[in-house]
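Reviewing the structure listed below.
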Amino acid sequence: MISETAVVKTQFIGNNTEIKNFVVIAADVHIGNNVIIHPHVTIESGTIIGDGVEIFPGAYIGKEPKGAGATSRKLEFAKKIVINENCSIGPNCVIYYDVEIGRNTLIGDNASIREGVKVGEFCILSRGVTVNYNTRIGNRTKIMDLSHITGNCEIGEDVFISVLVSTTNDRAIGKLGYEEERIQGPKISNKVAIGAGANILPGVNIGEGSVIAAASVVNKDVPAGKMVAGNPARLIKTLSEE
């Protein structure tokens with residue numbers, strides 16, 4: 001079921017798949033069974049789309065990173081994207097090359113995922129979420145509206161990140177250029193919860209099961225099982241296992 005107005009250059013299309021008006025699909029794209037691709041979606045070569053995926057209007061899958069002479073970071077990526085089965089890709093999402101998205105994951109409207117990112121299974125990246133380069137996000141993690149995940153960040157499994165949370169990776173605030181060993185985002189362990197509007201600074205380690213209160217500024221490591229709050233964040237209490 002391919003619209004007459006779609007431009008489809010691949011022959012690797014599964015059964016029961018719908019490709020609607022004004023979709024552009026490059027050669028060497030592999031599309032599974034029972035996929036729905038809504039109008040005005042662009043999918044570049046090297047993309048693999050699993051069974052049961054739905055891609056909503058205006059999404060761009062396979063954007064190639066461009067430095068335009070303005071970035072100091074060397075752009076390295078593979079021209080490949082994998083979107084595993086039963087994912088939902090929201091309207092106007094931009095997914096760069098060299099990204100893998102685990103099965104049953106929801107990518108919300110206007111989200112952006114940069115190169116070198118791996119997102120786990122059963123995750124939610126909600127509306128307007130931005131995930132920068134070389135980041136790992138574990139299974140069943142939820143990141144809510146308009147939060148920013150910085151480059152070179154690690155997020156574990158079963159993490160909840162509320163709205164408007166900010167993470168950063170450069171304590172020199174761009175003054176020293178890009179050095180891979182120095183530009184490091186936070187490491188957020190399994191089962192962490194981060195409240196709305198919190199700011200997690202570069203290189204901070206947040207231990208398993210910790211809670212970061214809303215609007216906190218976290219500038220140093222947080223041990224496992226602790227709650228912190230404030231600017232700068234301070235220990236509030238130890239959390240029970242329950």
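One is the number of the first residue; the rest follow in order along the sequence.
- The heavy-atom pair separating N205 from D221 by the smallest distance is N-OD1, 2.9 Å.
- A search for side chain to side chain donor-acceptor pair (under 3.5 Å) contacts involving T168 returns nothing, not counting sequence neighbours.
- For residues 113-124, the set of pairs meeting the salt bridge (Lys or Arg N to Asp or Glu O under 4.0 Å) definition, not counting sequence neighbours, comprises R73-E115, R103-E121.
- Every residue two or more places apart in sequence or in another chain that forms a side chain to side chain contact (heavy atoms under 4.5 Å, CB included) with D170 is listed here: A172, R182, I183.
- One hydrophobic cluster, built from ILVMFWY side chains closer than 4.5 Å, cannot hold both V228 and V211; they sit in different ones.
- Checked by atom type and distance alone, the side chain of N169 pairs as donor or acceptor with a backbone atom of G151 at under 3.5 Å.
- I200 places a side-chain heavy atom less than 4.5 Å from the side chain of I212.
- Environment of NZ in K63: sparse, with no more than 12 heavy atoms of neighbouring residues, nucleotides or ligands closer than 6.0 Å.
- No path of Ile, Leu, Val, Met, Phe, Trp and Tyr side chains, each step under 4.5 Å between heavy atoms, connects F56 with I83, placing them in separate hydrophobic clusters.
- Sorted by first and then second residue, the salt bridge (Lys or Arg N to Asp or Glu O under 4.0 Å) pairs involving residues 128-142 (not counting sequence neighbours) are R140-E157, R140-D158.
- Note on M227 and V159: separate hydrophobic clusters, where clusters join Ile, Leu, Val, Met, Phe, Trp and Tyr whose side-chain heavy atoms are under 4.5 Å apart, directly or indirectly.
- When each of V23, V41, T42 is tested with I55 by the rule side-chain contact (heavy atoms from CB on, under 4.5 Å), just one qualifies, namely V41.
- Panel note: side chain S166, backbone G197; no donor-acceptor pair is recorded below 3.5 Å.
- Annotation: side chain to side chain contact (heavy atoms under 4.5 Å, CB included) contacts of S3 (sequence neighbours excluded): T5, A6, N21.
- Aromatic ring orientation, H40 versus F22: parallel (interplanar angle below 30°, classes split at 30° and 60°).
- You'll find the side chain of Y178 stays beyond 4.5 Å of the side chain of K74, heavy atoms only.
- The hydrophobic clustering, which links ILVMFWY residues whose side-chain heavy atoms are closer than 4.5 Å, places L239 and I236 together.
- Side chains of N16 and N33: a donor-acceptor N/O pair is absent below 3.5 angstrom, by distance only.
- Listed for the S216 side chain is a donor-acceptor partner under 3.5 Å among the backbone atoms of G230.
- Side chains of K20 and I36 form a contact here, defined as non-hydrogen atoms less than 4.5 Å apart.
- For T167 (side chain) and T150 (main-chain N/O), a donor-acceptor pair under 3.5 Å exists by modelled atom type.
- Grouped by direct or indirect side-chain proximity (heavy atoms under 4.5 Å, Ile/Leu/Val/Met/Phe/Trp/Tyr only), M144 sits with L106, I124, L146, F160, V163, L164.
- For P232, the side chain to side chain contact (heavy atoms under 4.5 Å, CB included) criterion is met by N219, R234, not counting sequence neighbours.
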**OP:** For I143 and I155, run side-chain contact (heavy atoms from CB on, under 4.5 Å): C-alpha distance rounded to whole Å, both residues' side-chain angles, the deciding distance at 0.1 Å, then the answer.
**Re:** CA-CA 10 Å; I143 303 174; I155 301 175; 4.3 Å; yes
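- Through side-chain heavy atoms spaced under 4.5 Å, either directly or across other Ile, Leu, Val, Met, Phe, Trp or Tyr residues, I48 is tied to V82.
- In this structure, L125 and V119 have side chains that are in contact, with non-hydrogen atoms separated by less than 4.5 Å.
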Subject >> Y133 vs N152, side-chain contact (heavy atoms from CB on, under 4.5 Å): CA-CA, chis, key distance, verdict >> reply: CA-CA 6 Å; Y133 54 89; N152 296 331; 3.7 Å; yes
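- Between the side chain of S147 and the backbone N or O of S162 there is at least one donor-acceptor pair closer than 3.5 Å.
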Original post:
Where do I101 and I107 land on the side-chain contact (heavy atoms from CB on, under 4.5 Å) test, with the steps shown first?
Top reply: CA-CA 9 Å; I101 299 173; I107 308 297; 4.2 Å; yes
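- Looking at residues two or more places apart in sequence or on another chain, you find a side chain to side chain donor-acceptor pair (under 3.5 Å) between Y60 and E44.
- Counting only distance, with no hydrogens or angles, the side chain of T135 and the backbone of V117 share no donor-acceptor pair below 3.5 Å.
- Pairs passing the ring pair (Phe, Tyr, Trp, His ring centres under 6.0 Å) check and including a residue from residues 90-122, sequence neighbours excluded, do not occur.
- Counting only N and O atoms by type, the side chains of K226 and T238 include a donor and acceptor under 3.5 Å apart.
- When atom types are taken as modelled, the side chain of N132 and the backbone of I149 share no donor-acceptor pair closer than 3.5 angstrom.
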**OP:** Determine, stepwise, if the pair R127 / D109 fulfils salt bridge (Lys or Arg N to Asp or Glu O under 4.0 Å).
**Re:** CA-CA 5 Å; R127 290 170 295 182; D109 310 355; 5.5 Å; no
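- In this structure, I95 and I81 have side chains that are in contact, with non-hydrogen atoms separated by less than 4.5 Å.
- In this structure, T105 contributes its side chain and C123 its backbone to a donor-acceptor pair below 3.5 Å.
- In terms of modelled atom types and a separation under 3.5 Å, the side chain of T10 and the main chain of F12 share a donor-acceptor contact.
- Cluster membership for I43 and I13, using ILVMFWY side-chain heavy atoms within less than 4.5 angstrom, is shared.
- I31 has its side chain within reach of I25: a pair of non-hydrogen atoms, C-beta onward, lies under 4.5 Å apart.
- Qualifying side chain to side chain contact (heavy atoms under 4.5 Å, CB included) partners for D28, counting only residues two or more places apart in sequence or in other chains: H30, S45.
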Subject >> I19 and V8: CA distance, side-chain angles, deciding distance, side-chain contact (heavy atoms from CB on, under 4.5 Å) verdict >> reply: CA-CA 9 Å; I19 299 173; V8 179; 4.1 Å; yes
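- Residues that satisfy the side chain to side chain donor-acceptor pair (under 3.5 Å) test with E54, not counting sequence neighbours, are H38.
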